[in-house]
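In this text the structure is predicted, and so the values were computed from the model without any measurement. Just so you know, these numbers use all the heavy atoms, side chains as well, and skip hydrogens, waters and symmetry mates. Numbers restart at 1 for each chain; the letters A, B, ... are given by sequence-line order, proteins then strands.
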Amino acid sequence: MLDLKFIRSKPEIVKKVMKARGLDPSLVDDLLDLDKERRSLLAEVEALKNKRNLVSEEIARLKKEGQDAQDKILEMREVSNNIKEKDDVLRDLEENINKILLNIPNIFHESVPEGTCDRDNAVVRRWGEPPVFDFSFKPHWDIGEELDIIDFERAGKVTGARFTFYKGLGALLERALINFMLDLHTREHGYIEIFPPFLVNSDSMVGTGQLPKFCEDMFKVEGTDYYLIPTAEVPVTNLYREEIIPEEKLPIKHAAYSACFRAEAGSHGRDTRGLIRQHQFNKVELVKFAHPDNSYEELESLTADAERVLQLLELPYRVVILCSGDLGFCSAKTYDLEVWMPSSGNYREISSCSNFEDFQARRANIRFKPKNGGKPRFVHTLNGSGLAVGRTVAAILENFQQEDGSVVVPKVLQPYMGGISKITKSD
RNA sequence: GGAGAGAUGGCCGAGUAGGCUGAAGGCGGUCGCCUGCUAAGCGACUGUACGGGUAUAAAGCCUGUACCGAGGGUUCGAAUCCCUCUCUCUCCGCCA
């Protein structure tokens, strides 16, 4: 959420950003009209309340002195009714203002390139070489099924489309990756591990920006106020909701494993096969609460921390900066990490590292108390996948597949897999 | 699921026959004084949000309103009374 005062003083900037993101900028004018109305009504109501407070005090005094205050009481009864009516109108106005405010996207950072869709994203750097196969290589869903480590079909029976069973070394591989990533980030990159709830309430979803705008992307538990988290970003960022953090604690760095649940509404027919687009997947998420003065440095180091996972796994990837039109609603700047996926002959997103500046912090009211005194300020929140585990499994299967159908296990993972260096068909 | 207790400022903790209590007291924090240094001591200050005025690069300053878990109600007036909800704690039952 943006600062209303900022929108008031620089509406053109907000409108420009909305246009660049393909949204209707007239919302801004609606907002400013309502804001104007609200402020003038607020002045009226506050004057009335002031009067009520003063006269009430007088009534108290008169009564104490044993004098009659009946006419004043009658007068105030009317004033109170008047206040009540105006307060109701005011509440409506505020609700509407808030509704609009929650639907205005973040301003993007000046380094974000202009563009309308993902084709306009700019490649920042590449790492590693895509493997060259001298045999006919397979997509990971075939590899997984032939090795009997992934079962899509039965998942369809037991649950539905876009769910998966991992089996045997497949399940172990998934678990090994989670442990490897968590160990790396907690032991070498200084993140404190969190194991969060996988269901959160709607306030948390509003705090990080999934609600109200993207409610169709989420699974909601019927009859409750609980949602299945689409990412650990939600519970972990909301850890400090409504709190004031001492400045010297910044930056706070958390790494969290969670299952993630996404309805994938509107992506019918996309990536229908394989692990790429599932309703449930595992992810290790990195979340930072940073000082506004250095949050962009923190974004660079967070991205580097995520990249390190791919480097250690020896998976070729590239880093892309998202253009204005492809940027997420809450984000001021985002780098996507894209891993080489032989089956699609292309790089596929495996991590998304963003600086939200104070956009989420304002929604969730996460502040810090400056060391040298002064008012609490909003922190900057950042997060990035470190990494999406299912997609990592897919990338490993595809990039390290052998002609005989086996898959070589990356060296760093072998200790996590009981020393196994290769996944072969078990029988 | 049943029974009971509770929710006040950064923290602890007063405040129930409704009326200067934004909220005593303490701790913590900041500034000043004192001191050879440290400790102690003395004095002052110390919530947030949203308006209005003034000023502005900003801060600030003046002023109003709201906030004692959340939302309603009663009343001229509610932290104090009533209702609903949420959360926490204790006991019982059930359960991984």
Round to a whole Å and report the spacing from [atom1] of [X] to [atom2] of [N].
| X | N | atom1 | atom2 | result |
| --- | --- | --- | --- | --- |
| Gln70(A) | G77(B) | CD | P | 13 Å |
| Leu74(A) | U75(B) | CG | C1' | 13 Å |
| Glu94(A) | C50(B) | CD | C1' | 8 Å |
| Asp203(A) | G69(B) | CG | P | 18 Å |
| Lys63(A) | G18(B) | NZ | C1' | 11 Å |
| Leu41(A) | G51(B) | CG | C1' | 12 Å |
| Ile245(A) | G10(B) | CD1 | P | 15 Å |
| Glu57(A) | G19(B) | CD | P | 13 Å |

Measuring to OP1 and OP2 of [N], would you say a side-chain N or O of [X] lies under 4.0 angstrom away?
| X | N | answer |
| --- | --- | --- |
| Arg52(A) | A78(B) | no |
| Asn53(A) | G77(B) | no |
| Arg367(A) | A49(B) | yes |
| Ser80(A) | U75(B) | no |
| Lys86(A) | U65(B) | no |
| Asn50(A) | G64(B) | no |
| Arg39(A) | C50(B) | no |
| Arg38(A) | G51(B) | yes |

What nucleic acid atoms does [X] come within less than 4.0 Å of, heavy atoms only: base, sugar-phosphate, or nothing?
| X | answer |
| --- | --- |
| Lys64(A) | nothing |
| Lys5(A) | sugar-phosphate |
| Arg8(A) | sugar-phosphate |
| Pro246(A) | nothing |

Complementary nucleotide of [N], counting Watson-Crick and G-U pairs under 3.5 Å:
| N | result |
| --- | --- |
| G10(B) | C27(B) |
| C61(B) | G53(B) |
| C33(B) | G41(B) |
| A96(B) | none |
| C91(B) | G2(B) |
| G47(B) | C67(B) |
| C76(B) | G19(B) |

For the residue pair Gln360(A) and Thr381(A), confirm or rule out a side-chain donor-acceptor distance under 3.5 Å.
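The criterion, which ignores hydrogens and geometry beyond distance, is satisfied for Thr381(A) and Gln360(A).
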Using the [atom1] atom on both, measure [N] against [M] and round to a whole Å.
| N | M | atom1 | value |
| --- | --- | --- | --- |
| G13(B) | C68(B) | C1' | 13 Å |
| G64(B) | G22(B) | C1' | 15 Å |
| U86(B) | G71(B) | P | 15 Å |

Between [options], which nucleotide has the shortest distance from any of its atoms to the side chain of [X]?
| X | options | answer |
| --- | --- | --- |
| Ile59(A) | U48(B), G19(B), U74(B) | G19(B) |
| Glu46(A) | A66(B), G72(B), G64(B) | G64(B) |
| Lys49(A) | U48(B), G51(B), A66(B) | A66(B) |

Inspect the contact between [Y] and [X] and indicate whether a charged nitrogen and a carboxylate oxygen are less than 4.0 angstrom apart.
| X | Y | value |
| --- | --- | --- |
| Asp148(A) | Lys167(A) | yes |
| Glu75(A) | Lys51(A) | yes |
| Lys84(A) | Asp87(A) | no |
| Glu44(A) | Lys86(A) | yes |

Tell me if a side-chain donor or acceptor on Arg391(A) pairs with a main-chain N or O of Ile350(A) at a distance below 3.5 Å.
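Side chain of Arg391(A) to backbone of Ile350(A): no pair is present.
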So Phe198(A) and Phe261(A), would you call those rings parallel, tilted or perpendicular, with 30° and 60° as cut-offs?
tilted
Find which nucleotide of RNA chain B each of Asp35(A) and Ala47(A) is nearest to by heavy atoms, and output the residue with the more 5' nucleotide.
Asp35(A)
Report yes if the distance between the aromatic ring centroids of Phe359(A) and Phe329(A) is under 6.0 Å, otherwise no.
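Centroid distance Phe359(A)-Phe329(A): below 6.0 Å, so yes.
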